Amino acid sequence: MFECRNLVKRFGETVALDGTSFSIPEGRLTVLIGPSGCGKSTTLRILNRLIEPDGGEVLYRGRPLSSYDPVELRRSMGYVIQHIGLFPHWTVERNICTVPRLLGWPPERQRARALELLELVGLPPDEYARKMPHQLSGGEAQRVGVARALAADPPVILMDEPFGAADPLTRSRLQEEFLAIQRRLRKTVVFVTHDMGEAIRLGDRIILMREGRVVREAATEDLVRSG
Ligand code: ADP
Ligand code: ADP
């Protein structure tokens with residue numbers, strides 16, 4: 001799905017990516033893992049063209065990423081970050097339908113989709129559709145964030161420490177739930193974390209990064225077997 005070759009990204013003096021190469025297969029959950037500051041988020045933001053690399057190349061579905069319209073590209077990739085940033089003055093339902101609304105779906109279809117997704121992420125629609133973001137717990141807000149990312153059924157989901165702010169119990173519940181969703185939907189997921197337990201639990205494949213480079217890329221079972 002993605003083929004990244006020799007990505008370089010600098011922020012002033014800081015070299016965030018220093019010749020990063022890896023590939024992301026379709027329909028799998030690939031984890032990017034490494035210590036804080038090694039370039040994981042920068043990599044993710046390059047994949048949806050929130051930022052552009054200074055060097056190297058990304059192919060997406062066999063074509064240069066730069067040949068895609070950035071706005072359309074971002075609508076085709078769900079994005080879930082740590083502090084999910086729901087719009088505070090919109091109901092849960094309206095938040096979930098952000099992209100469908102931009103795409104001009106009829107209101108009834110938006111509504112049906114929101115209810116279906118609330119069900120999928122384990123929030124009873126009758127109870128949650130009309131709530132405002134401030135009425136949600138942290139874990140509930142992250143579930144709504146996942147629902148929002150899935151709303152227009154994008155082929156790619158990018159997740160940047162999505163459960164990082166949750167307490168351990170909530171976090172492991174969110175992991176379980178997301179794994180169950182992913183088993184059904186088989187999206188191409190790129191999941192950033194610095195937690196090896198989370199990486200092993202969720203990832204089909206794991207890419208280890210350090211100081212802006214990929215140091216290892218392997219199927220999770222091979223990585224676990226070889227230690
Ligand atoms: P990670 O996600 O692995 O924690 P990041 O990709 O966020 O790492 O950051 C890699 C390096 O680039 C860090 O040193 C970070 O401070 C720096 N960096 C990231 N974004 C910016 C930015 N917008 N401006 C300046 N430096 C940045
Ligand atoms: P993460 O931990 O997920 O990588 P950060 O907290 O590092 O996220 O970054 C959040 C935002 O701050 C991003 O937009 C990133 O580009 C920016 N940023 C990160 N590091 C720096 C930095 N050293 N200087 C300026 N902006 C930064």
Side-chain angles (χ1 to χ4, degrees), residues 1-25 28-60 64-66 68 70-71 73-74 77-86 138 141-142 145-146 148-149 154 156-168 170-172 174-175 178 182 187-220 223-224:
M1 200 73 153
F2 293 98
E3 192 69 48
C4 298
R5 298 185 190 140
N6 285 312
L7 294 180
V8 174
K9 181 68 188 177
R10 297 182 204 90
F11 295 102
E13 299 283 283
T14 306
V15 180
L17 297 179
D18 186 17
T20 311
S21 300
F22 60 89
S23 54
I24 303 286
R28 298 299 185 84
L29 195 156
T30 302
V31 173
L32 285 182
I33 187 168
S36 184
C38 74
K40 305 181 295 295
S41 300
T42 300
T43 303
L44 217 57
R45 287 195 279 259
I46 286 174
L47 296 183
N48 66 3
R49 295 196 68 192
L50 279 174
I51 58 174
E52 300 293 329
D54 299 315
E57 171 179 54
V58 182
L59 296 180
Y60 175 52
L65 193 68
S66 54
Y68 290 83
V71 173
L73 195 74
R74 279 195 285 281
M77 297 184 188
Y79 190 40
V80 188
I81 56 176
Q82 188 163 357
H83 296 285
I84 197 63
L86 298 174
Q142 286 312 101
V146 170
R148 182 174 66 178
V156 173
I157 310 283
L158 306 176
M159 305 183 80
D160 194 345
E161 304 258 1
F163 312 138
D167 62 81
T170 305
R171 186 171 188 176
S172 77
L174 289 167
Q175 290 169 352
F178 186 70
Q182 172 61 4
K187 298 288 179 186
T188 301
V189 182
V190 188
F191 192 107
V192 163
T193 183
H194 59 257
D195 174 354
M196 188 50 93
E198 183 167 68
I200 290 171
R201 204 159 172 199
L202 298 183
D204 299 309
R205 299 177 67 258
I206 297 181
I207 295 172
L208 286 170
M209 289 183 68
R210 192 170 303 271
E211 295 177 359
R213 290 167 179 267
V214 170
V215 293
R216 183 120 187 247
E217 199 179 343
T220 305
L223 203 74
V224 170

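The structure displayed is predicted, hence computed values, not measured ones. Counting starts at 1 for both ligands and their atoms, following the listed order.
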Is the closest N or O pair between Phe11 and ligand 1 shorter than 3.5 Å? no
If you measure every N or O of Thr14 against every N or O of ligand 1, does any of those distances drop under 3.5 Å? no
From atom 4 (O) of ligand 1, work out which of Cys38, Gly39, Gly37 has a heavy atom at the shortest distance. Gly37
Judged by atom type as modelled, is there a donor-acceptor pair below 3.5 Å linking the side chain of Thr20 to the main-chain atoms of Gly212? yes
Aromatic rings Phe178 and Phe191: how do their planes relate, parallel, tilted or perpendicular, breaks at 30° and 60°? tilted
Tightest non-hydrogen contact, residues Ser21 and Val214, listed as O-CG2, 3.5 Å
At a 4.0 Å threshold, what atoms of ligand 1 neighbour a non-hydrogen atom of Pro35? 3 (O)
Any chance you could lay out the side-chain contact (heavy atoms from CB on, under 4.5 Å) test for Ile200 and Ile206, step after step, and finish with the verdict? CA-CA 8 Å; Ile200 290 171; Ile206 297 181; 4.3 Å; yes
Would one find an N or O of Ser41, backbone or side chain, under 3.5 Å from an N or O of ligand 1? yes
Check whether any heavy atom of Gly34 sits under 4.0 Å from an atom of ligand 1. no
Atoms in ligand 1 flagged as close to Ala16, the criterion being non-hydrogen separation under 4.0 Å: 10 (C), 11 (C), 12 (O)
side-chain contact (heavy atoms from CB on, under 4.5 Å) for Arg171 and Asp195? Distances and angles first, verdict last. CA-CA 12 Å; Arg171 186 171 188 176; Asp195 174 354; 3.6 Å; yes
Among His83, His194, Lys40, Gln82, which one satisfies side chain to side chain donor-acceptor pair (under 3.5 Å) with Glu161? His194
